[in-house]
Number of protein chains: 2
Amino acid sequence: MRSPDQLTDAFRARGLKMTPQRQLLFRLLHGNDTHPTAESLFERASHEMPGISLRTVYQTMNDLVAMGEIEQVSVGGGPARFDPNTDDHHHVVCDTCGTVRDVYVSGADQLAIDGLDGFDAVAPAIVFHGECTQCASSSNPPHHSTKEN
Amino acid sequence: MRSPDQLTDAFRARGLKMTPQRQLLFRLLHGNDTHPTAESLFERASHEMPGISLRTVYQTMNDLVAMGEIEQVSVGGGPARFDPNTDDHHHVVCDTCGTVRDVYVSGADQLAIDGLDGFDAVAPAIVFHGECTQCASSSNPPHHSTKEN
DNA sequence: TCAGTAATCTGCAACTCGTGCAGACAAACA
DNA sequence: TGTTTGTCTGCACGAGTTGCAGATTACTGA
Ligand SMILES: [Mn+2]
Ligand SMILES: [Mn+2]
Ligand SMILES: [Zn+2]
Ligand SMILES: [Zn+2]
């Protein structure tokens with residue numbers, strides 16, 4: 001994703017207007033590698049701009065996706081996630097806490113695929129599932145078990 | 001997925017009962033490579049058993065997934081798809097008509113992954129997007145047709 | 001064979017995530 | 001400034017899925 005200033009120009013070049021809501025969302029997305037949901041962006045945005053609507057967050061994300069400035073990531077179930085990182089990369093999802101992180105896979109577009117059968121396929125989306133280090137270390141809690149009696 | 005008869009035994013071994021609804025759904029799934037949705041299974045089931053409820057389809061699919069007899073496939077957006085093929089395989093999705101087909105990818109678990117950083121990841125799920133031969137050759141391609149089983 | 005019981009089925013409400021819509025509002029521009 | 005658009009907000013609605021409760025049915029054991 002380009003910088004907030006560059007996005008402002010890009011929006012105006014398309015005949016779209018610049019608004020405080022959009023500028024705020026540009027700032028919240030810039031350099032954000034947490035793959036936020038619309039809801040999480042809405043919460044953070046509401047902190048700086050009480051009254052901003054969730055509808056506006058969805059609209060702005062849709063605009064940015066349509067312009068190719070961000071990508072919509074789907075990791076199977078749960079709300080959509082938005083990704084200002086448009087590098088050729090893939091994702092690993094913690095099935096315990098839902099965290100999504102970037103991974104870079106080499107040779108992904110040289111995989112030997114059997115069964116395509118004329119199907120015109122483009123680059124694959126690869127999602128690894130697993131458990132993040134944080135969840136792995138807290139899954140064996142020596143203290144504070146919630147279900148002991 | 002095992003045969004309907006074997007699934008009957010597996011259900012009974014778990015203290016679950018065998019019902020006409022379950023038997024019908026076992027038959028509709030067996031050898032089915034169309035990655036059907038709950039809704040499409042419900043439509044086909046309703047022909048043979050008017051009055052069967054969509055709720056029962058969802059419940060039975062959830063049971064089968066919990067038992068590892070089928071897999072739930074998510075291809076990003078739209079309803080969940082259910083897959084009696086439990087081989088180690090991946091999927092290609094037609095973005096025009098929604099068709100999902102199996103592909104077999106060699107070397108998928110030997111990919112060089114950068115950024116894992118201690119993240120304990122298992123085998124990846126790979127989804128190719130593209131256009132199927134039918135949609136590519138048709139001048140009036142079906143859009144998310146109801147012909148899926 | 002036939003109750004007793006426990007699991008199941010069905011119908012509907014409710015829930016999550018996202019979109020359509022309409023009227024108030026505000027950015028761009030002369 | 002005033003006019004023209006595009007935008008924001010709030011709400012209703014839609015798709016997909018699950019929770020729930022009462023009626024129903026499959027198994028069990030006499
Ligand atoms: Mn990413
Ligand atoms: Mn499959
Ligand atoms: Zn985690
Ligand atoms: Zn197609």
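We name chains A, B, ... by the order of the sequence lines, and we start the count at 1 in each one. Remember, it's a predicted structure, so these values are computed and weren't measured experimentally.
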When we call it a touch if two heavy atoms are under 4.0 Å apart, what does A:Glu39 touch: a base, just sugar-phosphate, or nothing?
nothing

Does a side-chain N or O from B:Thr19 land closer than 4.0 Å to OP1 or OP2 of C:dC9, or not?
yes

Sugar-phosphate, base or nothing in reach of B:Thr56, heavy atoms under 4.0 Å
base

Would a 4.5 Å heavy-atom cut-off, applied to side chains only, mark B:Val105 and B:Phe128 as touching?
yes

Indicate, with a heavy-atom threshold strictly under 4.0 Å, whether A:Ala80 touches base, sugar-phosphate, or nothing.
sugar-phosphate

What about B:Lys17, does its side chain sit under 3.5 Å from the base of D:dT25 through a donor-acceptor pair?
no

Distance test, side-chain N/O of B:Tyr58 to OP1/OP2 of D:dT18, below 4.0 Å:
no

Would you mind telling me which of D:dT5, D:dG16, D:dC8 lies closest to the side-chain atoms of B:Pro79?
D:dG16

Measure from the side-chain heavy atoms of A:Ser53 and tell me the nearest of C:dG18, D:dT7, D:dT9.
D:dT9

Do the rings of B:His89 and B:His35 sit parallel, tilted or perpendicular, given the 30° and 60° boundaries?
tilted

A:Asn32 versus A:Thr34, side-chain donor and acceptor atoms under 3.5 Å:
yes

A:His47 atom NE2, neighbour heavy-atom count above 12 within 6.0 Å:
no

Take A:Arg81 and B:Gln21, find for each the nucleotide of DNA chain C with the closest heavy atom, and name the residue whose nucleotide sits nearer the 5' end.
B:Gln21

Can you tell me if B:Arg55 touches the phosphate of D:dT17, counting only side-chain N or O atoms and a distance under 4.0 Å to OP1 or OP2?
no

